[in-house]
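Just below is one structure, and these are the notes that go with it.
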Amino acid sequence: MRTNKTTTLSLKNDDTLPIEEDHQRGQLIQRRQHALTLHLGDFQLLRTLGTGSFGRVRLCRSIHNHHYYAIKIMNKAELVRLKQMNHTNSERKTLLQVIHPFIVHLWGTFQDTHYLYMVMDFIPGGELFSVLKSEQCLEPHVAQFFAAEALSALAYLHEECHIIYRDLKPENILLDRQGHVRLTDFGFAKYVSDRTYTFCGTADYLAPEIIMLIGYGKTVDYWALGILIFEMLAGYTPFHDDDPLTGYDKILVCNIKYPLHFSTLAHDLLARLLTRDLSQRLGNLAGGYQDIMDHPWFADMDFELLAQREITPPYQPQILDGNNGQDPSSCYEIYDEEPLLPSLENDVDPYRHYFMDF
Ligand SMILES: Nc1ncnc2c1ncn2[C@@H]1O[C@H](COP(=O)(O)OP(=O)(O)OP(=O)(O)O)[C@@H](O)[C@H]1O
């Protein structure tokens with residue numbers, strides 16, 4: 001079983017193309033931008049919910065409406081050092097553009113001398129990673145539900161936004177109060193009209209076409225969906241190796257040992273998702289994502305009701321309501337805290353021009 005979180009691989013700086021905006025989305029972005037002029041003084045900063053390669057996400061509470069939010073805080077000097085300016089701007093732009101019941105909602109962004117801030121809905125149920133860690137593996141109907149909601153979000157990103165997500169994994173799948181999925185972390189999401197070449201993602205979840213550097217598109221998300229379903233059912237990923245290079249070899253050879261308890265239907269679906277042959281991979285055929293939804297493993301799933309959040313989640317996170325001193329973020333791991341550098345009015349900010357939209 002996987003007990004440690006996986007880290008994402010870094011990206012080249014030139015990876016991101018501008019995201020195209022249709023008229024409606026453009027208006028929506030403007031609405032959000034104009035509606036919210038935020039700064040740190042609007043929030044009481046509480047504990048860290050999660051850390052990542054480029055920053056940390058902290059629980060906070062609005063001093064105005066007293067609602068909880070999650071703020072992703074990224075150190076500008078560090079982003080510039082790691083050449084992550086384009087990706088960070090792209091993450092902001094993408095998240096402002098997407099609106100979907102299974103994707104985290106970004107309310108707005110701001111910056112001070114040292115940091116960039118992204119204010120999102122606080123998703124209180126914790127990571128799917130934590131559920132897997134405590135349950136070891138999931139009952140097929142539970143895995144089916146999480147996979148179906150993740151697939152619904154991917155289909156929306158691909159078909160309506162022309163965005164590939166590129167970092168599907170249990171760490172990036174959060175659960176809301178009712179137990180519905182919310183995808184977070186759009187740091188690798190990219191608008192792609194045809195194909196892209198960047199080597200990025202998370203080692204265990206990389207598709208063969210990413211490793212082979214031959215160019216790829218949305219097919220990589222459907223490969224990752226196959227790895228996710230395998231991990232939920234088995235409790236481990238199919239190609240894991242402590243040495244990433246050996247892991248990449250295993251992905252390229254693609255010889256999967258299915259646990260005996262996998263049903264024939266699960267085996268069949270995964271064999272069709274986890275195939276190197278793109279002309280065979282489900283999601284990349286004539287029927288697109290619908291072919292995955294129509295696979296018999298999902299036979300008893302009504303994807304229309306699912307999209308309306310009308311299917312009762314099979315797993316309800318145990319959430320405290322935040323009143324009477326209770327911790328509303330008890331589903332999240334405890335992290336060491338780091339104080340923020342104070343932002344003084346006369347400070348010179350050498351990085352502002354990189355992040356003009358924040
Ligand atoms: N909206 C949210 N509500 C609650 N917790 C969140 C939210 N967004 C992120 N988190 C927590 O913070 C963690 C890190 O967030 P995120 O993945 O966006 O950071 P990152 O720096 O891009 O990480 P990575 O190195 O994985 O790319 C998540 O795994 C999750 O635990």
Side-chain angles (χ1 to χ4, degrees), residues 5-21 25 29 32-33 50-58 70-98 103-112 114-120 153-154 157-158 161-169 171-174 182-203 205-207 209-211 213 215-218 220-221 224 244 349-358:
K5 293 195 190 185
T6 48
T7 45
T8 43
L9 306 161
S10 63
L11 292 159
K12 289 205 308 270
N13 190 34
D14 59 355
D15 179 54
T16 317
L17 291 173
I19 293 160
E20 279 179 7
E21 294 160 18
R25 287 214 177 85
I29 292 169
R32 284 193 190 167
Q33 281 171 340
T51 58
S53 323
F54 312 118
R56 60 176 57 216
V57 175
R58 292 208 27 198
I71 301 197
K72 184 163 175 169
I73 305 176
M74 292 165 283
N75 183 309
K76 292 201 266 190
E78 199 58 9
L79 290 174
V80 171
R81 189 179 70 79
L82 297 168
K83 300 195 179 358
Q84 295 300 313
M85 296 84 85
N86 283 354
H87 302 117
T88 310
N89 286 320
S90 164
E91 178 175 13
R92 173 188 176 279
K93 202 164 177 180
T94 307
L95 262 183
L96 282 173
Q97 192 183 13
V98 300
I103 296 177
V104 75
H105 182 86
L106 176 68
W107 287 99
T109 61
F110 58 95
Q111 63 180 305
D112 60 22
H114 302 292
Y115 302 101
L116 302 176
Y117 302 87
M118 295 175 60
V119 183
M120 300 172 274
L154 291 178
L157 289 172
H158 294 170
C161 311
H162 305 286
I163 286 169
I164 50 175
Y165 176 60
R166 299 199 293 188
D167 210 8
L168 192 69
K169 59 179 175 178
E171 291 87 328
N172 287 341
I173 296 176
L174 308 182
R182 292 284 183 146
L183 289 192
T184 192
D185 192 358
F186 276 62
F188 287 172
K190 182 178 182 186
Y191 171 82
V192 175
S193 55
D194 180 22
R195 53 177 44 207
T196 185
Y197 293 84
T198 314
F199 186 85
C200 71
T202 297
Y205 276 75
L206 289 183
E209 58 270 27
I210 300 181
I211 297 170
L213 303 172
Y216 60 87
K218 61 188 177 188
V220 301
D221 283 340
D349 177 0
Y351 306 118
R352 195 174 190 91
H353 63 285
Y354 289 121
F355 307 108
M356 290 306 279
D357 291 336
F358 266 81

With the side chain counted from C-beta on, respond yes when [X] and [Y] share a heavy-atom pair under 4.5 Å apart, and no when they do not.
X: Leu95; Y: Met118; value: yes
X: Leu96; Y: Phe186; value: no
X: Asp112; Y: His114; value: yes
X: Val192; Y: Ile163; value: no
X: Val104; Y: Asp185; value: no
X: Phe358; Y: Thr88; value: yes
X: Thr184; Y: Lys72; value: no

Do [X] side-chain atoms and [Y] backbone N/O form a donor-acceptor pair below 3.5 Å?
X: Arg92; Y: Thr109; value: no
X: Asn172; Y: Asp167; value: yes
X: Asn89; Y: Met85; value: yes
X: Arg182; Y: Ile103; value: yes

Looking only at heavy atoms, which two atoms of [X] and [Y] are closest? And how far apart?
X: Leu183; Y: Ala153; answer: CD1-CB, 4.0 Å
X: Gln84; Y: Leu82; answer: NE2-O, 3.0 Å
X: Tyr165; Y: Leu157; answer: CB-CD1, 4.0 Å
X: Ala189; Y: Ser90; answer: O-OG, 3.8 Å
X: Gly217; Y: Ile164; answer: C-CG2, 3.8 Å
X: Met74; Y: Phe54; answer: CG-O, 3.4 Å

In terms of the angle between their ring planes, are Tyr117 and Phe110 parallel, tilted or perpendicular, with boundaries placed at 30° and 60°?
parallel
On the 0 to 90° scale, with breaks at 30° and 60°, tag the Tyr354-Tyr351 ring pair as parallel, tilted or perpendicular.
parallel
Nearest 0.5 Å please: distance from the OG1 atom of Thr51 over to the CD1 atom of Ile73.
12.5 Å
In Å, rounded to the nearest 0.5 Å, how long is the span from NZ of Lys190 to SG of Cys200?
8.5 Å
Residues which pass side-chain hydrogen bond (donor to acceptor under 3.5 Å, both in side chains) with Gln111, listed by chain and number, not counting sequence neighbours
Lys76
Under the side-chain contact (heavy atoms from CB on, under 4.5 Å) criterion, do Asp357 and Lys93 qualify, and how do the steps go?
CA-CA 9 Å; Asp357 291 336; Lys93 202 164 177 180; 5.7 Å; no
Report the C-alpha distance between Ile210 and Arg166 in whole Å, list the side-chain angles of each, state the deciding distance to 0.1 Å, and finish with yes or no for side-chain contact (heavy atoms from CB on, under 4.5 Å).
CA-CA 10 Å; Ile210 300 181; Arg166 299 199 293 188; 5.9 Å; no
